[in-house]
Visitor: 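Below: one structure in structure tokens.
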Amino acid sequence: LLSVHCEILGLELEKFHPDSRSSGQSDQSWFVDFPGSDFFQSDSIEHIKHSIAEFDDPDVHLVLNLAYETPVFLGQLMSCMKAKLPISSIIFTHLDEEMRWGKIWNAVFDCKIPVSFLSNGQNIPGDFLLAGPELILGQQFPS
């Protein structure tokens with residue numbers, strides 16, 4: 001999905017092992033993915049923290065799957081908060097698999113980190129939406 005995100009945002013995707021080269025200049029955009037990372041294992045979250053620290057002044061957007069049950073995605077979020085990861089915003093995906101968008105408010109109120117984007121499913125190009133209270137409330141309380 002990383003390549004899909006980059007394509008949507010008009011960014012080039014370059015894959016490399018984190019230890020193989022420097023992170024580059026601070027004016028570059030980098031998307032870093034940690035597939036299979038266990039947010040509930042301290043060594044895994046420390047690896048993520050160390051990798052983020054390699055970048056100068058990173059703008060970190062945590063991507064969470066809203067279709068996960070609330071304790072799972074909130075646990076992932078709280079692990080990141082506990083590790084003091086410099087998260088700038090949250091992006092929720094898989095909204096087409098979850099009708100209970102009210103779950104988003106749990107993250108907003110628990111961590112006070114803004115939600116920047118919402119997306120449906122794994123094929124993001126069709127529905128990559130700028131997050132806002134009106135959008136979330138409209139789904140929660142359709143008129």
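No hydrogens, no waters, no symmetry mates; every other heavy atom, side chains included, goes into these values. Remember, it's a predicted structure, so these values are computed and weren't measured experimentally.
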Visitor: Could you report the tightest heavy-atom contact between Asp96 and Asn120, atom names first, then the distance?
Guide: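 So the two residues come closest at N-OD1, 3.4 Å.
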Visitor: Can you pull the salt bridge (charged side-chain N to carboxylate O under 4.0 Å, His left out) pairs that have at least one residue in residues 42-52, sequence neighbours excluded?
Guide: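 Matches after skipping sequence neighbours: none remain.
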Visitor: Let me check something: any side-chain donor-acceptor pairs from residues 78-92 under 3.5 Å, sequence neighbours excluded? List them with distances.
Guide:
unit_1: Ser79; atom_1: OG; unit_2: Phe39; atom_2: O; d: 2.8
unit_1: Ser79; atom_1: OG; unit_2: Gly75; atom_2: O; d: 3.0
unit_1: Ser88; atom_1: OG; unit_2: Asp59; atom_2: OD1; d: 2.5
unit_1: Ser88; atom_1: OG; unit_2: Val60; atom_2: N; d: 3.3
unit_1: Ser89; atom_1: OG; unit_2: His61; atom_2: ND1; d: 2.5
unit_1: Ser89; atom_1: OG; unit_2: Ser116; atom_2: OG; d: 2.8

Visitor: Can you measure from CD (Glu97) to CG (Asn65) and round to the nearest 0.5 angstrom?
Guide: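 Taking CD in Glu97 and CG in Asn65, the distance rounds to 6.5 Å.
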Visitor: Would you give the length of the straight line joining atom OG1 of Thr70 to atom CG of Leu77, rounded to the nearest 0.5 angstrom?
Guide: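 Here the rounded value is 12.0 Å.
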Visitor: Scan for salt bridge (charged side-chain N to carboxylate O under 4.0 Å, His left out) pairs involving residues 60-72, sequence neighbours excluded, and state none if there are none.
Guide: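 Those involving residues 60-72 are Glu69-Arg100.
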Visitor: Out of curiosity, Phe117 CZ to Leu130 CG, how far, rounded to the nearest 0.5 Å?
Guide: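 Phe117 CZ to Leu130 CG: 5.5 Å, rounded to 0.5 Å.
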Visitor: Less than 4.5 Å apart, side chain to side chain, heavy atoms only: is that true for Leu66 and Phe73?
Guide: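 Yes; the side chains approach each other to less than 4.5 Å.
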Visitor: For the CD1 atom of Ile45 and the CD1 atom of Ile48, what is their distance to the nearest 0.5 Å?
Guide: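 Result: 4.5 Å between the selected atoms.
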Visitor: If a pair satisfies side-chain hydrogen bond (donor to acceptor under 3.5 Å, both in side chains) and one of its residues is in residues 102-114, list it, with sequence neighbours excluded.
Guide: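 Listed by first then second residue: Glu98-Lys103, Trp105-Gln140.
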Visitor: Could you tell me which residues satisfy side-chain contact (heavy atoms from CB on, under 4.5 Å) with Gln139, sequence neighbours excluded, listed by chain and number?
Guide: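 Partners of Gln139 by the side-chain contact (heavy atoms from CB on, under 4.5 Å) criterion, ordered by chain and then number, come out as Met99, Trp101.
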Visitor: Which distance, rounded to the nearest 0.5 Å, do you find between the CG of Leu118 and the NE2 of His94?
Guide: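 Between Leu118 CG and His94 NE2, I get 13.5 Å after rounding to 0.5 Å.
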Visitor: Side-chain heavy atoms under 4.5 angstrom apart, residues restricted to Ile, Leu, Val, Met, Phe, Trp, Tyr: same cluster for Phe40 and Tyr68?
Guide: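 No, it is not one cluster - the side chains of Phe40 and Tyr68 are not joined through contacts under 4.5 Å.
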